[in-house]
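Quick notes on the structure that follows.
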There are 2 protein chains.
Amino acid sequence: MKRRAELPNNLQLVLAVLEKKGHPMSAYMILDQLHGSSVRAPLQVYRALEKLISMGQVHRLESLNSFIACNDTSCATVGVTAFVICEKCEQVQEVSDNSVSLFITELAEKAKITAVKSSIELHGICGACENA
Amino acid sequence: MKRRAELPNNLQLVLAVLEKKGHPMSAYMILDQLHGSSVRAPLQVYRALEKLISMGQVHRLESLNSFIACNDTSCATVGVTAFVICEKCEQVQEVSDNSVSLFITELAEKAKITAVKSSIELHGICGACENA
DNA sequence: GTAAATTTGTTATGTTATAACGTCAAGGAA
DNA sequence: TTCCTTGACGTTATAACATAACAAATTTAC
Ligand SMILES: [Zn+2]
Ligand SMILES: [Zn+2]
Ligand SMILES: [Zn+2]
Ligand SMILES: [Zn+2]
């Protein structure tokens, strides 16, 4: 994996925006934030996101058509991650312990399928928002 | 739950198209199939889909931006369903046994969140396609 | 150093989803 | 009945998300 400083410029820019925000952002929200930089067109953002995702630095949230900077170093080694999303404050937790990978393994076996990728996204209201 | 014959016309039309296909379809694919009927505009399709989904007759696959007719009577009673999708033949299996709902329950507890909805989608290559 | 291959930028376009507004029909109160 | 409210539906327009196609620049292979 490339070290941060070695990332091409567009990847650094996109990743920095996502990390600063800390919440899910659509590609077009990212593009808005980069107004004035060398990143001018949607495709530049999508291409950067694609690479960052393949490096494990960014995740795509399918149920939101959005992207978020990885916030859990362990998810890269485990490979399967579940995302828990608060619908009120947009906080996202990554869960990538054994129970998640075991669940996916068993699901694939049960369905007689060779898994390629998985998307597990749980929406709800987090504790902090519940008590607000 | 309304019986099939009692469904409003647009809902019947949309559901019939999805059931005939048996695979995931985007709203616009459904619209194409309904050319010549009273369903002429995207919003008619989306409104029908929204109702069919709330009745449990149709599911939305977040990772495909697509919709599929429910093919498993048990998923309505359990409430939580995992979808296993073959990327080659587009066959979709619904899994809604106890292991799935238990996994979601435990995930919600672990993340200290009150679950509202969940999306579990596993992509892969099914047995039939693997041997082809 | 030159040609081929890859990456990047730009424009245009395709795909998915919703906002805004007008019409009509059903149902209830006066 | 007649008026009013309410909700469902159709239509047009537009917003939001994503990729195709091509040109220019850069990197890589020899
Ligand atoms: Zn992560
Ligand atoms: Zn919250
Ligand atoms: Zn179902
Ligand atoms: Zn298959």
Side-chain angles (χ1 to χ4, degrees), chain A residues 2 6-18 21 23-55 57-68 83 85 87 90 92 117 119 121 123, chain B residues 1-2 5-18 21 23-55 57-68 83 85 87 90 92 117 119 121 123:
Chain A
K2 278 193 182 179
E6 293 167 352
L7 288 177
N9 197 244
N10 287 357
L11 275 66
Q12 280 192 52
L13 289 168
V14 167
L15 182 55
V17 167
L18 278 172
K21 179 80 164 192
H23 289 182
M25 298 179 82
S26 75
Y28 281 78
M29 282 191 245
I30 295 168
L31 181 59
D32 283 346
Q33 292 301 306
L34 289 174
H35 178 79
S37 81
S38 61
V39 176
R40 276 177 277 271
L43 200 46
Q44 293 177 283
V45 177
Y46 282 105
R47 292 208 270 232
L49 286 170
E50 185 183 7
K51 282 167 195 158
L52 289 165
I53 289 168
S54 75
M55 293 166 150
Q57 303 264 28
V58 166
H59 302 294
R60 180 187 165 92
L61 298 173
E62 301 286 354
S63 60
L64 298 173
N65 291 329
S66 291
F67 306 85
I68 189 164
F83 298 92
I85 303 158
E87 294 191 333
E90 296 201 295
V92 176
K117 71 164 186 173
S119 158
E121 299 175 18
H123 290 246
Chain B
M1 172 116 62
K2 278 194 182 177
E6 293 167 352
L7 287 178
N9 196 243
N10 286 358
L11 275 67
Q12 279 192 51
L13 290 168
V14 167
L15 183 55
V17 167
L18 278 172
K21 180 80 165 190
H23 290 184
M25 298 180 82
S26 76
Y28 282 80
M29 282 190 244
I30 296 168
L31 181 59
D32 284 346
Q33 292 301 308
L34 289 174
H35 178 79
S37 80
S38 60
V39 177
R40 275 177 277 269
L43 201 45
Q44 293 177 283
V45 176
Y46 281 104
R47 292 209 268 231
L49 287 169
E50 185 183 7
K51 282 169 195 157
L52 290 165
I53 289 168
S54 75
M55 292 166 151
Q57 303 263 26
V58 167
H59 301 295
R60 179 188 167 90
L61 298 173
E62 301 287 353
S63 61
L64 298 174
N65 292 329
S66 292
F67 305 87
I68 190 166
F83 298 93
I85 303 159
E87 294 191 333
E90 296 201 293
V92 176
K117 71 163 186 173
S119 158
E121 299 174 18
H123 291 246

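From a predicted model like this one, the values you see are computed outputs, not experimental measurements. Convention: sequence-line order gives letters A, B, ...; per-chain numbering from 1. Both backbone and side-chain heavy atoms feed into the values below; hydrogens, waters and symmetry mates do not.
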*Phosphate oxygens OP1/OP2 of C/dT16: is one of them under 4.0 Å from a side-chain N or O of B/Ser26?*
yes
*To the nearest Å, how far apart are A/Glu50 CD and D/dT19 C1'?*
11 Å
*Let me know the distance between CG of B/Leu34 and C1' of D/dC9, rounded to the nearest Å.*
16 Å
_Just N and O in the side chain of B/Asn10: are any of them under 4.0 Å from OP1 or OP2 of D/dG10?_
yes
*Calculate the interatomic distance between A/Leu13 atom CG and C/dT8 atom P; express it in whole Å.*
13 Å
_Strand-adjacent residues in residues 35-46 of chain A, judged by heavy atoms under 4.0 Å from DNA chain C_ = A/Arg40, A/Ala41, A/Leu43, A/Gln44
*Of the non-hydrogen atoms in B/Val92 and B/Phe83, which two are nearest, and what is the gap between them?*
CG1-CD2, 4.0 Å
*asked:* Ignoring hydrogens, what is the shortest heavy-atom contact between A/Ala27 and A/Val45? Give both atom names and the distance.
replied: O-CG1, 3.7 Å
*Are any non-hydrogen side-chain atoms of A/Met25 and A/Val17 less than 4.5 angstrom apart?*
yes
*asked:* Side chain of A/Asn65 only, heavy atoms from C-beta on: which candidate in D/dG10, C/dG9, D/dC17 is closest?
replied: D/dC17
With a 3.5 Å cut-off and sequence neighbours excluded, list the donor-acceptor pairs that the side chains of residues 28-40 of chain A form with protein atoms.
residue, atom, partner, partner atom, Å
A/Ser37, OG, A/Leu34, O, 2.8
A/Ser37, OG, A/Val39, N, 3.0

_I'd like to know if A/Tyr28 reaches the base of D/dA15 with its side chain, counting only an N/O donor and acceptor under 3.5 Å._
no
*Between B/Arg60 and C/dA17, does any side-chain N or O lie under 4.0 Å from OP1 or OP2?*
yes
Side chains of residues 58-66 of chain A: which donor-acceptor partners sit under 3.5 Å, not counting sequence neighbours?
residue, atom, partner, partner atom, Å
A/His59, NE2, A/Glu94, OE1, 3.4
A/His59, NE2, A/Glu94, OE2, 3.4
A/Arg60, NE, A/Glu62, OE1, 3.1
A/Arg60, NH2, A/Asn65, OD1, 3.3
A/Ser63, OG, A/Glu121, OE1, 2.3
A/Ser63, OG, A/His123, NE2, 2.7
A/Ser66, OG, A/Leu64, O, 2.9

*Expressed in angstrom and rounded to an integer, what is the separation of B/Leu64 atom CG from C/dT15 atom P?*
16 Å
*Looking only at non-hydrogen atoms, find the nearest pair between A/Phe67 and A/Leu18 and report the distance.*
O-CD2, 3.4 Å
*Whole angstrom is fine here: how far is it from CG in A/Leu31 over to P in D/dA15?*
16 Å
*Say you draw a straight line from CG of A/Leu15 to CG of A/Leu49; how long is it, rounded to the nearest 0.5 Å?*
9.5 Å
*Examine D/dC9: is either OP1 or OP2 under 4.0 Å from a nitrogen or oxygen in the side chain of B/Lys51? Give yes or no.*
yes
*Could you check how far CD of A/Glu62 sits from P of D/dC17, rounded to whole Å?*
14 Å
